[in-house]
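Step one of this worksheet: look at the structure below.
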Protein chains: 2
Amino acid sequence: MTSRREAVRDVLVQSEGFRSAQDIYAELRAGGAKIGLTTVYRALQSLADAGQVDVLRTDDGESVYRACATGTHHHHLVCRRCGHTVEVAGPAVERWAEAVGAEHGFTSITHTVEVFGTCGSCASVASAG
Amino acid sequence: MTSRREAVRDVLVQSEGFRSAQDIYAELRAGGAKIGLTTVYRALQSLADAGQVDVLRTDDGESVYRACATGTHHHHLVCRRCGHTVEVAGPAVERWAEAVGAEHGFTSITHTVEVFGTCGSCASVASAG
DNA sequence: GGCAGAATGAAAACCGTTGTCAAAACCGCC
DNA sequence: GGCGGTTTTGACAACGGTTTTCATTCTGCC
């Protein structure tokens, strides 16, 4: 029975930015879906394990999820106001991380890079209002 | 009465990598200090507010703290095995983040960048043992 | 219809963190 | 040294997101 899991993924696919589990749960319930919070968590976990969604930790420790267009390595440019997210490639950063690691004798380098800002529409809303 | 707070900072200063609140608490108690977990959290919070320590969230949602040598903006190269941490500057990354943001019409760009790897000594230990 | 195994979800457990609040420590002052 | 007023402390409870438990429900298969 994967229908719940599909429902969870659908919410993510139709979302512009990162969403929390509780958030997704609330939306599904509001839409009349019969689903438990546990199932939402399980669905998100298995989607994340399958590499179908990206996971991030917010500053207050909440896990947030996003169905990204590309399955390849990328980073995120996130509007800190509306959550609008753009997937960005950063070959320069990849190289930099490798170089920095090598320089200090580190191997098996991985890295996390997230960029935050205020997107164009939020900026104009702010200046208008 | 800042003695507890100093004790907390001392632990961080003498630590090579990032430490969790519970971790610091355990070390202080093990060393015979009379201190409560609440106080450790408060000390860490105020140290972080004062910019005297850097805070990070681990993948499992725990906050970890480190007394960094420089007060200026920098990133971390962390050994995922022993926690050994090197502070690294990344002007190229700073520029890249700004450029990526501007390219998509984002303003007030900030970013988080952490690099993980296996440090030299851990690598040799692993290959030796 | 009946069965084995997977999926579900309500409730409880977990765990790091934060809030509460009374006791203790500290301060300037006399 | 003794006294108020403020600050710090810490045991404990509360909080919130996440995970586990476990009995029930569903699914595919015969």
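Chain A is the first sequence line, chain B the second, and so forth, proteins listed ahead of strands; every chain is numbered from 1. Atoms considered below: every heavy atom in the structure, side chains included; atoms not considered: hydrogens, waters and symmetry mates.
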Would you give a per-nucleotide map of nucleotides 16-21 of chain C, 5' to 3', where B means the base has a protein non-hydrogen atom under 4.0 Å away, S means only the sugar-phosphate does, and - means neither?
SBBB--
I want to check something: taking the side chain as every heavy atom from C-beta on, are Val115(B) and His76(B) in contact at a cut-off of under 4.5 Å?
no
Going by atom types alone, do [X] and [Y] pair a side-chain donor with an acceptor below 3.5 Å?
{"X": "Arg66(B)", "Y": "Ser15(B)", "value": "no"}
{"X": "Ser108(A)", "Y": "Arg80(B)", "value": "no"}
{"X": "Thr58(A)", "Y": "Arg57(B)", "value": "no"}
{"X": "Tyr41(B)", "Y": "Gln22(B)", "value": "yes"}
{"X": "Glu94(B)", "Y": "His111(B)", "value": "yes"}

How close or far is atom [atom2] of [N] from atom [atom1] of [X], stated in whole angstroms?
{"X": "Asp49(A)", "N": "dT19(D)", "atom1": "CG", "atom2": "P", "result": "11 Å"}
{"X": "Arg29(A)", "N": "dT8(C)", "atom1": "CZ", "atom2": "C1'", "result": "12 Å"}
{"X": "Asp23(B)", "N": "dC15(C)", "atom1": "CG", "atom2": "C1'", "result": "15 Å"}
{"X": "Asp59(A)", "N": "dG16(D)", "atom1": "CG", "atom2": "C1'", "result": "16 Å"}
{"X": "Arg4(A)", "N": "dA10(C)", "atom1": "CZ", "atom2": "C1'", "result": "14 Å"}
{"X": "Glu6(A)", "N": "dA7(C)", "atom1": "CD", "atom2": "P", "result": "13 Å"}
{"X": "Arg5(B)", "N": "dT7(D)", "atom1": "CZ", "atom2": "P", "result": "15 Å"}
{"X": "Leu28(A)", "N": "dG9(C)", "atom1": "CG", "atom2": "P", "result": "10 Å"}

